[in-house]
Amino acid sequence: MKVMSINCQNNDANKRGGRASSGYDYSIMLANHIMDNEYDLVGTQEMSISFTERLKSILPNYVFSGKYRNEFKLLRKLYPKMKGLSENNNILVKGQPIVEKTFSLPWMPHNFKDLWHALKRKSIMRRIASGVLVKVDGNDIYMLNTHLDYATKSVQQRQLNKIYQFLATKSKKYPIILTGDFNLEVDDEIFANFIDKLKKIGIERVPINDKTNAKKYRNKSAIDHIFLSNSFNIINYGIVDDDNIKEITDHLAIYVEVVEKENIC
């Protein structure tokens, strides 16, 4: 089973359905990469409505699972450009989802100091996590995909707490895959604690430590992460090395290839 996580960068090209001003079609490049590498599950972030609809038309063998964090249904009818402002964290599933769930994460600061900080950083926006129960190679697997706040530690902490609580319940029934742009490095205290808590319930981070975020930032390591239940055996993992999709995002996509341990011959 192969899993990828990619932040698709909701820029002008994304809002145009993946079409760059030069005419280059990023949606076709991403679709070709997904098909060529035969991913079973792809966690995406910052997917606009236009980009999502375009990818759906090119990837008919994948189901796009997850809702938008803001629908803007009425406003989109009055102002079609609003389609570019509503993002999702869709999970692309090669197969048929059994159960789908998208839920809100905490996103409003609880005190004036944090609120002022968030306003200055323009980070106040609804955040969601998209989940899907899916059968892969005859096994039921639960995957959760998310995109956390990028500026306010107290908000990030509450978001991590809710994700942990959700997975602590799901992990009692199913093997877990967690993907996303967490906007946190592994040496950040709140993220390190989150990693430790997940490890105690049998979910561990795939050790992809290469810098994955935009070059303009000074982070020296990954902020995009994949976590797996320890019922999986990792065959391969790393950052995605494909020049055709590098312009789709200011991040680096990451991937992992696994088998369930009982299926190892």
Side-chain angles (χ1 to χ4, degrees), residues 4-18 27 30 41-56 62-93 97 99-110 114-115 118-119 121-133 142-167 170 177-184 213-214 223-225 248-251 253:
M4 179 171 73
S5 180
I6 181 169
N7 182 315
C8 295
Q9 191 184 9
N10 191 5
N11 55 18
D12 289 340
N14 190 316
K15 293 178 177 68
R16 289 192 294 266
S27 55
L30 179 55
L41 297 162
V42 180
T44 67
Q45 302 90 44
E46 297 194 29
M47 292 264 284
S48 71
I49 293 176
S50 297
F51 196 78
T52 302
E53 291 175 349
R54 175 82 171 124
L55 268 185
K56 282 182 179 180
Y62 284 81
V63 175
F64 286 59
S65 178
K67 297 180 180 179
Y68 291 87
R69 65 184 180 193
N70 297 296
E71 294 287 353
F72 299 128
K73 289 183 178 179
L74 178 60
L75 287 174
R76 277 176 14 224
K77 292 180 180 179
L78 298 173
Y79 306 101
K81 288 186 178 180
M82 292 292 290
K83 290 176 69 175
L85 300 179
S86 187
E87 298 177 3
N88 63 53
N89 300 331
N90 271 190
I91 299 171
L92 281 57
V93 179
V99 177
E100 302 175 75
K101 180 181 179 65
T102 298
F103 59 88
S104 292
L105 297 174
W107 57 279
M108 280 296 295
H110 281 176
D114 286 346
L115 177 62
L119 288 170
R121 293 291 306 277
K122 300 179 180 178
S123 67
I124 297 180
M125 61 188 76
R126 185 173 178 239
R127 297 288 181 173
I128 58 175
S130 297
V132 61
L133 176 63
Y142 199 92
M143 179 169 172
L144 192 71
N145 178 57
T146 193
H147 187 186
L148 301 192
D149 181 275
Y150 58 82
T152 309
K153 281 289 189 288
S154 63
V155 173
Q156 291 173 319
Q157 178 69 77
R158 288 161 49 218
Q159 291 171 348
L160 291 173
N161 289 344
K162 185 162 185 178
I163 289 171
Y164 170 78
Q165 291 164 6
F166 182 81
L167 292 182
K170 289 296 180 185
I177 299 172
L178 170 64
T179 59
D181 174 0
F182 290 82
N183 280 308
L184 290 164
N213 64 337
I223 63 170
D224 303 89
H225 307 280
I248 293 170
T249 174
D250 56 350
H251 288 234

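- Between N90 and T44, the side chains place no donor N or O within less than 3.5 Å of an acceptor N or O (distance only, hydrogens not considered).
- Taking both residues in full, the closest heavy atoms of A118 and I124 are given as CB-CG1, 3.5 Å, listed atom of the first, atom of the second, then distance.
- A distance-only check finds a donor-acceptor pair linking the side chain of Y150 to the backbone of R121 [under 3.5 Å].
- Closest approach of C8 to F51, counting heavy atoms only: SG-CE2, 4.2 Å.
- Residues forming a side chain to side chain contact (heavy atoms under 4.5 Å, CB included) with K56 (at least two apart in sequence, or on another chain): T52, F64.
- Between atom CD of residue E53 and atom OG of residue S27 there is a gap of 12.0 Å, rounded to the nearest 0.5 Å.
- Looking only at atom types and distance, the side chain of Q165 has no donor-acceptor partner in the side chain of N161 under 3.5 Å away.
- Within the model, atoms CG of D224 and NE2 of H251 stand 5.5 Å from one another, a figure rounded to the nearest 0.5 Å.
- One distance of note links CG of L92 with CG of L55; it measures 7.0 Å at 0.5 Å rounding.
- The closest side-chain heavy-atom distance from L184 to L160 is below 4.5 Å.
- The heavy-atom pair separating Q9 from D250 by the smallest distance is OE1-N, 3.1 Å.
- With values rounded to the nearest 0.5 angstrom, T179 atom OG1 is found 11.5 Å from H225 atom NE2.
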**Asked** Between R16 and S48, does a side chain to side chain contact (heavy atoms under 4.5 Å, CB included) hold up when you go through it step by step?
**Response** CA-CA 9 Å; R16 289 192 294 266; S48 71; over 6 Å; no
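- At least one donor-acceptor pair closer than 3.5 Å links the side chain of Q159 to the backbone N or O of D149.
- Inter-residue side-chain proximity for V42 and M143 is flagged as unmet; no heavy-atom pair is nearer than 4.5 Å.
- Remark: D114 pairs with P109, N111, T152, S154 by the side chain to side chain contact (heavy atoms under 4.5 Å, CB included) rule, at least two apart or across chains.
- For the residue pair A129 and L144, the shortest heavy atom distance occurs at CB-CD1, 4.0 Å.
- Of all the heavy atoms in K162 and S104, the pair that sits closest is NZ-O, 2.8 Å.
- Under the side chain to side chain contact (heavy atoms under 4.5 Å, CB included) criterion, R158 pairs with P106, H110, V155, not counting sequence neighbours.
- Interatomic distance, K170 NZ to Y142 OH, rounded to the nearest 0.5 Å: 4.5 Å.
- No side-chain donor-acceptor contact under 3.5 Å links E46 and N11.
- Residues meeting the side-chain hydrogen bond (donor to acceptor under 3.5 Å, both in side chains) test with D181, sequence neighbours left out: N7, H147.
- N89 places a side-chain N or O within donor-acceptor distance of the main-chain N or O of I128, the cut-off being under 3.5 Å.
- Checked by atom type and distance alone, the side chain of R126 pairs as donor or acceptor with a backbone atom of R69 at under 3.5 Å.
- In this structure, the side chain of T102 engages the main chain of K67 through a donor-acceptor pair within 3.5 Å.
- Taking each heavy atom of L115 and M108 in turn, the nearest pair found is CD1-CE, 4.3 Å.
- Within the 4.5 Å cutoff, no side-chain heavy atoms of F166 are placed close to those of L178.
- Here the CZ atom belonging to F103 is positioned 6.5 Å from the CD1 atom belonging to I163, to the nearest 0.5 angstrom.
- Under a 3.5 Å cut-off, the side chain of N145 and the backbone N or O of S130 do not form any donor-acceptor pair.
- Judged as a side-chain hydrogen bond (donor to acceptor under 3.5 Å, both in side chains), and not counting sequence neighbours, T146 has no contacts.
- Considering only residues two or more places apart in sequence or on other chains, E100 meets the side chain to side chain contact (heavy atoms under 4.5 Å, CB included) condition with S65, P97, V132.
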